[in-house]
Amino acid sequence: VNVNGDAPFVSSYTLPTNKTYYNGEILNFDLVFSEAVDVLGLPTLPLDIGGVTETAIYFSGTGTNTLRFRYIVKTGDKDTDGLTIGPLIGLIGASIRDAGGEDILADHNPPLTPYIQVNGDLPTIVSITPPADNSYTTGQNLDFIVEFSENVNVTNLPSVGLTLDSGTVAATYLSGAGSNNLTFRYIIQAADNDNTGPAFSNTEIDLNTGSIISAATSQNATLNYNGTEPDLTNILINEITATQLVVTNGPVDTYENTVI
């Protein structure tokens, strides 16, 4: 760092704790200056997270010698070998000056941060495997296997809603916790029927006060399966077939004093 003797400069850093930060977690970067500074606008601190440039935004500290820049991990952020702090404070539309009006030296020499890692990934639904095409009857199972992008844990009884010709039902969580494949089962009832195949009644799994979370990070899974729904048109339920009346003996031409 070049110091001109007058301009405030970054003299040290207080960084986030070395660990992996997950979706929604906060990273605070405290830059300690050589003297107290005043902030106008929203200066920024560039971060390289997995090869993508992100921005920690000024959060607090004006009037002191320590400015805090904050970044909140978002879905999709990922850096397994440590993020990198950029060497130039962003001052577009903003300023950081000392009491005498002297601008800071925006370039600085941040430390290496190989152990401040980021994983903003959330479990997402990859596919749904439906029951085999067939005609199903009362007491038989309809099993739907929901594949996630990573292993997940489950509490209570989440469900997948289905619409039949006879009404709406739900395939309830059966098994699979700890893996990336969850099985949801509906047992066909006598009153159920569908001649054209059921349809999904929602676009996401209903948690029913339960949870589906990443087995690795405990982050909530994304439950929307819109776009992954399989074709169910050949899954028939208590199929109702039309009854054909066949007349084998027709009436004669003339009836007199006869009840037909």
Side-chain angles (χ1 to χ4, degrees), residues 14-30 44-60 68-86 110 112-130 143-162 170-185 200-230:
T14 301
L15 301 176
T17 301
N18 289 338
K19 70 167 197 167
T20 298
Y21 291 82
Y22 299 109
N23 191 70
E25 289 195 285
I26 293 171
L27 291 90
N28 289 323
F29 301 84
D30 292 345
T44 57
L45 183 67
L47 305 172
D48 183 313
I49 299 178
V52 178
T53 300
E54 302 289 355
T55 302
I57 299 174
Y58 166 73
F59 182 73
S60 64
R68 171 161 291 182
F69 293 79
R70 173 167 289 182
Y71 182 75
I72 301 175
V73 178
K74 66 181 187 304
T75 302
D77 289 344
K78 193 160 190 177
D79 198 315
T80 57
D81 58 4
L83 58 77
T84 303
I85 302 170
L112 298 177
T113 52
Y115 303 110
I116 301 175
Q117 300 175 1
V118 173
N119 183 358
D121 287 348
L122 297 176
T124 58
I125 294 173
V126 175
S127 66
I128 300 177
T129 301
D143 286 348
F144 296 82
I145 300 174
V146 179
E147 180 187 2
F148 284 84
S149 57
E150 60 180 276
N151 293 345
V152 293
N153 289 326
V154 182
T155 62
N156 293 345
L157 293 174
S159 62
V160 174
L162 300 169
T172 304
Y173 167 72
L174 177 69
S175 63
S179 75
N180 68 327
N181 288 309
L182 303 185
T183 298
F184 293 78
R185 172 171 290 178
F200 292 98
S201 57
N202 299 302
T203 57
E204 63 180 40
I205 295 172
D206 186 346
L207 287 177
N208 296 321
T209 72
S211 67
I212 301 176
I213 62 174
S214 167
T217 69
S218 296
Q219 295 291 299
N220 290 324
T222 300
L223 303 176
N224 189 291
Y225 50 76
N226 188 33
T228 65
E229 304 98 319

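Distance alone, capped at 3.5 Å, is enough to place a donor-acceptor pair between the Glu229 side chain and the Gly227 backbone. The backbone N or O of Asn180 sits less than 3.5 Å from a side-chain atom of Asn151, completing a donor-acceptor pair. The backbone N or O of Thr124 sits less than 3.5 Å from a side-chain atom of Ser149, completing a donor-acceptor pair. Between the side chain of Asn224 and the main chain of Asn226, a donor-acceptor pair closer than 3.5 Å is present. With hydrogens and angles ignored, the 3.5 Å screen pairs a side-chain donor or acceptor of Thr113 with a backbone N or O of Leu83.
In this structure, Arg68 fails the cation-pi test against Phe59, since its NZ or CZ atom is not both closer than 6.0 Å to the six-membered ring centre and inside 45 degrees of the ring normal.
When the side-chain contact (heavy atoms from CB on, under 4.5 Å) test is applied to Thr129, the partners found at least two apart in sequence or on another chain are Ile145. Thr55 is linked by a side-chain hydrogen bond (donor to acceptor under 3.5 Å, both in side chains) to nothing, counting only residues two or more places apart in sequence or in another chain. Take Leu157 and apply the side-chain contact (heavy atoms from CB on, under 4.5 Å) test, not counting sequence neighbours, and it matches Thr172, Tyr173. Residues satisfying the side-chain contact (heavy atoms from CB on, under 4.5 Å) criterion with Ser175, sequence neighbours excluded, are Thr183. When the side-chain hydrogen bond (donor to acceptor under 3.5 Å, both in side chains) test is applied to Asn208, the partners found at least two apart in sequence or on another chain are Ser159. In this view, Asp206 satisfies the salt bridge (Lys or Arg N to Asp or Glu O under 4.0 Å) rule with no residue, not counting sequence neighbours. Scored by the ring-ring contact (aromatic ring centres under 6.0 Å, His included) test, Tyr225 finds Phe200 as partners (sequence neighbours excluded). Ile213 pairs by the side-chain contact (heavy atoms from CB on, under 4.5 Å) definition with Asn153, Ser211, Ser218, Asn220, not counting sequence neighbours. Here Glu54 pairs with Lys74 under the side-chain hydrogen bond (donor to acceptor under 3.5 Å, both in side chains) rule; sequence neighbours left out. Scored by the side-chain hydrogen bond (donor to acceptor under 3.5 Å, both in side chains) test, Thr20 finds no partners at all (sequence neighbours excluded).
Residues Ser201 and Leu162 are not in side-chain contact: their nearest non-hydrogen atoms beyond the backbone lie 4.5 Å or more apart.
Annotation: the span from Gln117 atom CD to Tyr21 atom OH amounts to 11.0 Å, rounded to 0.5 Å. In this structure, the separation between CG on Asn202 and CG on Leu223 is 11.5 Å, given to the nearest 0.5 Å. The line from CG of Asn18 to OH of Tyr115 is 8.0 Å long, rounded to the nearest 0.5 Å. Atom OG of Ser179 and atom CZ of Phe148 lie 10.0 Å apart (nearest 0.5 Å). A distance of 9.0 Å separates OG1 in Thr80 from CG in Asn119, rounded to the nearest 0.5 Å. To the nearest 0.5 angstrom, Thr75 atom OG1 is 8.5 Å from Gln219 atom CD.
Among residue pairs with one or both ends in residues 144-153, none qualify as salt bridge (charged side-chain N to carboxylate O under 4.0 Å, His left out); sequence neighbours excluded. Sorted by first and then second residue, the pairs that involve residues 113-127 and meet salt bridge (charged side-chain N to carboxylate O under 4.0 Å, His left out), not counting sequence neighbours, are Lys78-Asp121.
In the model, Asp77 has a side-chain atom that pairs as donor or acceptor with a side-chain atom of Tyr71 under 3.5 Å.
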